[in-house]
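Below is one structure, written out as structure tokens; the observations come after it.
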Amino acid sequence: MRSARPLVRPTGFDRMLAPLHRWIWRDAERRVHKLIRFGETETDGGRDILRAAEVTPDPLLRRLYLVHAIDELRHGVLFRQRAASLLPALPSSSTPKFRADWLAPAGHGLDDLDVDGESDEEMLAFLHLSEKAAASRFTIYRDVMRDDPPTYAVFDEILHDETSHMNYTLVQLARVSPEHHKRRLWRARLSRLWKAYLRVATAIAGVIGGLVLMLQYFIILPPFAWMARRTARRERVGWTTIPPGPDSLTRQF
Ligand SMILES: [Fe+2]
Ligand SMILES: [Fe+2]
């Protein structure tokens with residue numbers, strides 16, 4: 001273990017949720033599935049930042065984005081390797097149960113990124129806030145992993161990189177937008193807040209939708225099923241002769 005001191009002070013909200021995160025990560029199956037999911041998120045984020053390196057006109061940003069992308073791709077490998085080493089201890093019938101992804105997201109929120117439509121300023125503001133959120137959450141995740149030193153070490157190593165990503169993006173934002181960087185950050189904050197609201201609202205809508213369908217199944221459908229059975233009992237068994245009509249030979253039915 002490299003360090004037990006937080007490199008970033010987690011937000012009050014993340015600190016408040018620490019007991020919940022402890023519960024989420026305590027389950028061995030969920031831990032493996034979450035590590036795999038985290039690996040996917042880091043790798044996807046790395047690909048997006050690689051794309052940002054391709055499209056930026058700024059040579060310094062291109063170099064920094066390339067280093068950043070390599071870090072994120074390496075994080076993906078670290079998470080997947082740790083998940084793979086935990087996998088043999090799981091029962092063979094293991095399936096993902098309640099993964100609590102919206103309660104314990106994979107840190108970055110880089111999946112919200114639309115690289116081709118963003119200017120350098122917007123990209124840096126978005127990246128800074130995403131890395132800051134990741135550093136805050138990874139500090140909590142690392143600290144709840146004290147009973148699992150190898151996973152603790154993975155989070156600790158990644159946390160060091162996320163902190164440096166958080167810092168370089170802020171420095172570069174101040175360089176490319178010296179007069180408006182604070183406004184850019186506020187706009188990016190509001191955009192993240194809106195997307196977070198949409199994520200929570202979607203999750204709640206999913207739960208409510210499930211409940212409504214269940215109520216329909218148990219309350220509205222039974223009377224129809226009962227009527228269909230009653231009608232079926234009245235039907236005569238076997239073939240029923242239908243008297244021929246005047247145009248029975250000219251119609252298909
Ligand atoms: Fe990362
Ligand atoms: Fe990062």
Side-chain angles (χ1 to χ4, degrees), residues 1-3 6-11 14 21 25 31-56 58 60-84 101-102 104-115 118 120-145 150-176 184-185 188-189 191-192 195-196:
M1 282 182 218
R2 261 205 294 184
S3 125
L7 297 162
V8 169
R9 186 171 160 73
T11 61
D14 285 337
H21 291 309
W25 286 93
R31 184 177 301 193
V32 171
H33 289 296
K34 286 198 80 60
L35 287 169
I36 293 170
R37 176 87 187 93
F38 277 34
E40 288 168 4
T41 306
E42 295 284 326
T43 305
D44 287 349
R47 281 197 208 103
D48 285 339
I49 295 165
L50 209 53
R51 176 70 187 143
E54 282 175 353
V55 298
T56 179
D58 186 314
L60 175 58
L61 281 184
R62 186 171 303 122
R63 279 207 302 276
L64 289 167
Y65 285 159
L66 274 176
V67 174
H68 187 165
I70 291 166
D71 281 347
E72 299 301 351
L73 294 170
R74 192 171 60 84
H75 296 169
V77 173
L78 283 171
F79 277 132
R80 277 196 296 277
Q81 280 177 341
R82 182 61 198 138
D101 280 346
W102 60 285
H108 289 82
L110 285 179
D111 43 336
D112 291 335
L113 195 57
D114 171 23
V115 176
E118 309 263 354
D120 277 341
E121 292 94 326
E122 288 166 335
M123 179 78 187
L124 286 165
F126 179 90
L127 280 178
H128 171 69
L129 295 179
S130 301
E131 298 294 338
K132 196 173 175 183
S136 169
R137 287 194 195 121
F138 284 176
T139 304
I140 299 289
Y141 298 162
R142 180 198 63 178
D143 291 347
V144 302
M145 288 293 158
T151 310
Y152 179 103
V154 167
F155 273 112
D156 193 47
E157 184 173 347
I158 292 174
L159 181 57
H160 276 76
D161 288 345
E162 307 301 12
T163 311
S164 79
H165 298 160
M166 178 185 95
N167 293 334
Y168 100 81
T169 44
L170 186 62
V171 170
Q172 292 305 313
L173 178 61
R175 177 180 69 85
V176 298
R184 290 275 180 208
L185 280 174
R189 252 180 219 120
S191 164
R192 276 179 69 87
K195 282 169 183 164

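Numbering of ligands and ligand atoms starts at 1, following listing order.
- The Fe ion (ligand 1) lies closest to atom OE1 when only the N/O/S atoms of Glu72 are considered.
- Under the side chain to side chain donor-acceptor pair (under 3.5 Å) criterion, Thr151 pairs with Arg82, Asp148, not counting sequence neighbours.
- For Glu131, the N/O/S atom at the shortest distance from the Fe ion (ligand 2) is named OE1.
- Under the salt bridge (Lys or Arg N to Asp or Glu O under 4.0 Å) criterion, Arg62 pairs with no residue at all, not counting sequence neighbours.
- As for His75, its N/O/S atom nearest the Fe ion (ligand 1) is the one called ND1.
- Between Tyr141 and Phe138, the ring planes lie tilted relative to each other; the angle falls in the 30° to 60° range.
- Seen from the Fe ion (ligand 1), atom OE1 of Glu42 and atom OE2 of Glu162 lie 130° apart in angle, a value rounded to 10°.
- Of the options Arg37, Arg47, Arg80, His75, a side chain to side chain contact (heavy atoms under 4.5 Å, CB included) to Glu42 is made by His75 and by none of the others.
- A salt bridge links Glu157 with Arg74: at least one charged nitrogen is closer than 4.0 Å to a carboxylate oxygen.
- In His165, the N, O or S atom that comes nearest to the Fe ion (ligand 2) is ND1.
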